[in-house]
Engineer: 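One structure, as structure tokens, below. Some questions next.
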Amino acid sequence: MVLFNKGNSYISKAEKALVIGNYSNALEYCNLIITNKANNKLGLVRLGISFFKNLLYKPAKDIFVYSLSLKGLNNSFTKALTLNLALCDWKLGDVKESIRLYESIILDPKYEKLLNIDDWTNVAFICIENNMFDKAIKYTNKTFEFDENHPAAYDNIGQIYYKQKQYEEAIYNFNLSIEYNPETVDSHYYLGKIYEDEGDFELAKDFYEKTLSLDFNPLNSLTREIVVESLNGLLSKMEDSIKD
């Protein structure tokens, strides 16, 4: 006999609320899911990811933290919940905790066979944000073991060089990233930044505008607003140069 769990009944309600953009209801259901002790592990993972995709990182984190407290989690669920929690911490600004959570999984041999290319790419990028370049390179090399032409890996390498102002090497890697995936948002943007720094405003403008034509997602290192701000700043520079 399967016992009815009231908390589980709110999972689908929260998902439907997210689909129609009723975020206030979704947040209410999130609280009810936790207070009523939902135990549908797959449903909870799915809902946490839905909150994340809708840029609602705090409720996503709440779902993942709660889910990790459930009994009987296998390695696959523990890995999925922990790494999604790490992504939430990254988006909420706690980069060091994000890396700690990632490393609690990727450095533990019992999860080795469960790791995929995105796990290594994501932790490498988060290390870049914390200027931990040696770790970022180490983890990006793990990505290349899966796919030597992985665009996100080349984007990571490009960002490492960019942060160290090694622009020639950065341009090379960003171009490789775009070659393997013409929709790579970050690589287009950082090429724009480099060309702006080098004074090639027209080329920088082209890359900023191309970036804005692409689809953004929560795993991008930047937002559309950041690109718009960079483009507007560049346009002001271009106007000033004409006046001079």
Side-chain angles (χ1 to χ4, degrees), residues 1-123 125-127 129-130 215-226:
M1 178 180 176
V2 178
L3 296 177
F4 173 73
N5 181 300
K6 189 175 181 180
N8 290 339
S9 67
Y10 292 113
I11 294 176
S12 60
K13 292 180 180 179
E15 290 178 320
K16 290 175 183 177
L18 288 172
V19 168
I20 64 175
N22 191 338
Y23 297 142
S24 61
N25 277 5
L27 293 174
E28 288 182 18
Y29 292 135
C30 178
N31 291 329
L32 289 169
I33 286 165
I34 295 172
T35 57
N36 286 279
K37 302 181 188 288
N39 59 8
N40 181 343
K41 300 180 183 70
L42 187 59
L44 287 165
V45 173
R46 189 176 62 238
L47 177 61
I49 292 172
S50 294
F51 273 117
F52 186 90
K53 287 182 176 179
N54 281 276
L55 313 184
L56 298 169
Y57 305 123
K58 180 58 170 64
K61 175 175 179 173
D62 291 342
I63 289 291
F64 294 133
V65 169
Y66 166 75
S67 300
L68 280 166
S69 72
L70 296 175
K71 295 180 180 179
L73 294 176
N74 61 27
N75 287 348
S76 181
F77 274 111
T78 300
K79 178 250 182 183
L81 291 167
T82 302
L83 296 193
N84 278 294
L85 174 57
L87 291 174
C88 291
D89 279 326
W90 162 51
K91 283 297 185 178
L92 291 167
D94 196 344
V95 176
K96 289 185 178 179
E97 176 63 8
S98 178
I99 294 171
R100 187 195 70 78
L101 287 168
Y102 255 102
E103 292 185 332
S104 74
I105 297 296
I106 65 173
L107 301 181
D108 189 328
K110 70 172 175 277
Y111 298 108
E112 182 177 1
K113 292 183 179 180
L114 296 174
L115 299 175
N116 60 51
I117 193 169
D118 291 332
D119 298 331
W120 293 107
T121 303
N122 290 341
V123 68
F125 169 72
I126 295 169
C127 287
E129 287 219 334
N130 205 39
D215 292 329
F216 287 66
N217 69 68
L219 293 179
N220 290 130
S221 65
L222 51 120
T223 63
R224 192 173 294 277
E225 290 73 21
I226 290 174

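Below, each value reflects all heavy atoms present in this structure, side chains not excepted, and no hydrogens, waters or symmetry copies. For the single chain, residues carry numbers from 1 onward in sequence order. Because the structure is predicted, anything quoted here is derived from the model rather than measured.
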Engineer: At what distance, to the nearest 0.5 angstrom, does OG of S76 lie from NZ of K113?
Structural biologist: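 It comes to 14.0 Å.
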
Engineer: Taking atom CG of N31 and atom CG of D62, what is their separation to the nearest 0.5 Å?
Structural biologist: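 Reported to 0.5 Å precision, the distance equals 7.5 Å.
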
Engineer: Looking at K79 and L114, would you say the former's side chain and the latter's main chain have a donor-acceptor pair under 3.5 Å?
Structural biologist: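 Checking the backbone N and O of L114 against the side chain of K79, a donor-acceptor pair under 3.5 Å is found.
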
Engineer: State, to 0.1 Å, how close G72 and K41 come at their nearest heavy-atom pair, and which atoms those are.
Structural biologist: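 For G72 versus K41, the nearest heavy atoms are O-CE, 3.9 Å.
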
Engineer: Check the pair L219 / F52 against side-chain contact (heavy atoms from CB on, under 4.5 Å), numbers first and verdict last.
Structural biologist: CA-CA 10 Å; L219 293 179; F52 186 90; 4.0 Å; yes

Engineer: If you measure from CG on L101 to CD1 on I106, what distance do you get to the nearest 0.5 Å?
Structural biologist: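 Output value for this atom pair is 11.0 Å.
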
Engineer: Identify the two heavy atoms, one from K91 and one from N220, that lie closest to each other, and give their separation to 0.1 Å.
Structural biologist: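 Reported closest heavy-atom pair: NZ-O, 3.2 Å.
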
Engineer: So, taking the atom named CG in N84 and the one named NZ in K61, what distance separates them when rounded to the nearest 0.5 Å?
Structural biologist: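 N84 atom CG to K61 atom NZ measures 13.5 Å (nearest 0.5 Å).
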
Engineer: Between I99 and N130, does the side-chain contact (heavy atoms from CB on, under 4.5 Å) criterion hold? Intermediate values first, please.
Structural biologist: CA-CA 9 Å; I99 294 171; N130 205 39; 4.1 Å; yes

Engineer: Just verifying a value: how many Å separate K13 NZ and L32 CG, rounded to the nearest 0.5 Å?
Structural biologist: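 With rounding to 0.5 Å, NZ (K13) is 8.5 Å from CG (L32).
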
Engineer: Among side-chain atoms of N39 and N8, is any donor-acceptor pair under 3.5 angstrom?
Structural biologist: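 The answer is yes; a qualifying pair exists.
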
Engineer: Side chain of D94, backbone of E97: donor and acceptor closer than 3.5 Å?
Structural biologist: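 Here the side-chain-to-backbone pair exists.
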
Engineer: If we ignore angles and hydrogens, is there a donor and acceptor under 3.5 Å between the side chains of N36 and Y10?
Structural biologist: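 No pair is found: no donor N or O on one side chain lies under 3.5 Å from an acceptor on the other.
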
Engineer: Checking S24 against N22: is there a side-chain donor and acceptor pair closer than 3.5 Å?
Structural biologist: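 Yes.
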
Engineer: May I ask you to test the K58-F51 pair for a side-chain heavy-atom distance under 4.5 Å?
Structural biologist: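 No, every pair of side-chain atoms sits at 4.5 Å or beyond.
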
Engineer: Taking all non-hydrogen atoms of both residues, which atom of L27 and which atom of P59 are closest, and how far apart?
Structural biologist: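 Scanning both residues completely, I find the closest heavy atoms to be CD2-CG, 3.4 Å.
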
Engineer: Quick one: does Y57's side chain get under 4.5 Å of L55's, heavy atoms only?
Structural biologist: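 Yes. Closest side-chain heavy atoms under 4.5 Å.
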
Engineer: Any non-hydrogen side-chain atom of L81 less than 4.5 Å from a side-chain atom of V65?
Structural biologist: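 No, side chains not in contact.
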
Engineer: Indicate yes or no: at least one non-hydrogen side-chain atom of S67 is less than 4.5 angstrom from one of I63.
Structural biologist: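 The answer is yes; the side chains approach within 4.5 Å.
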
Engineer: Taking R100 first and then D89, would you say they form a salt bridge - that is, a charged N and a carboxylate O separated by under 4.0 Å?
Structural biologist: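 Looking at R100 and D89, the cut-off is not met.
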
Engineer: To check you understand the geometry: which heavy-atom pair defines the closest contact between F64 and I49, and what is its length?
Structural biologist: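 Smallest interatomic distance, heavy atoms only, reads CZ-N, 3.6 Å.
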
Engineer: How many angstroms lie between OG1 in T223 and CD1 in I226, if you round to the nearest 0.5 Å?
Structural biologist: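 Here the interatomic distance stands at 3.5 Å.
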
Engineer: Could you tell me if the side chain of L87 sits less than 4.5 Å from the side chain of S98, heavy atoms only?
Structural biologist: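 The answer is no; the side chains never approach within 4.5 Å.
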
Engineer: Taking the side chain as everything from C-beta on, heavy atoms only, tell me whether L47 gets closer than 4.5 Å to Y29.
Structural biologist: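 Result no, sub-4.5 Å side-chain heavy-atom pair not found.
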
Engineer: Counting C-beta onward and ignoring hydrogens, is there a side-chain heavy-atom pair between L115 and I105 closer than 4.5 Å?
Structural biologist: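 With C-beta onward as the side chain, the pair touches.
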
Engineer: Below 4.5 Å, heavy atoms only, C-beta onward: do Y102 and I126 meet side chain to side chain?
Structural biologist: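 A side-chain contact under 4.5 Å exists here.
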
Engineer: Checking the side chain of N54 only, and the main-chain atoms of S50 only, is there a donor and an acceptor separated by less than 3.5 Å?
Structural biologist: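 Such a contact is found between N54 side chain and S50 backbone.
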
Engineer: So which heavy atom on L42 is nearest to which on F77, and how close?
Structural biologist: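 So the minimum-distance heavy-atom pair works out to N-CE2, 3.7 Å.
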
Engineer: Please tell me whether F125 and W90 form a close aromatic pair, meaning their ring centres lie under 6.0 Å apart.
Structural biologist: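 Ring centroids of F125 and W90 are less than 6.0 Å from each other.
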
Engineer: Compare every heavy atom of G7 with every heavy atom of A38, then report the nearest pair and how far apart it is.
Structural biologist: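 Minimum heavy-atom separation between A38 and G7: CB-C, 3.5 Å.
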
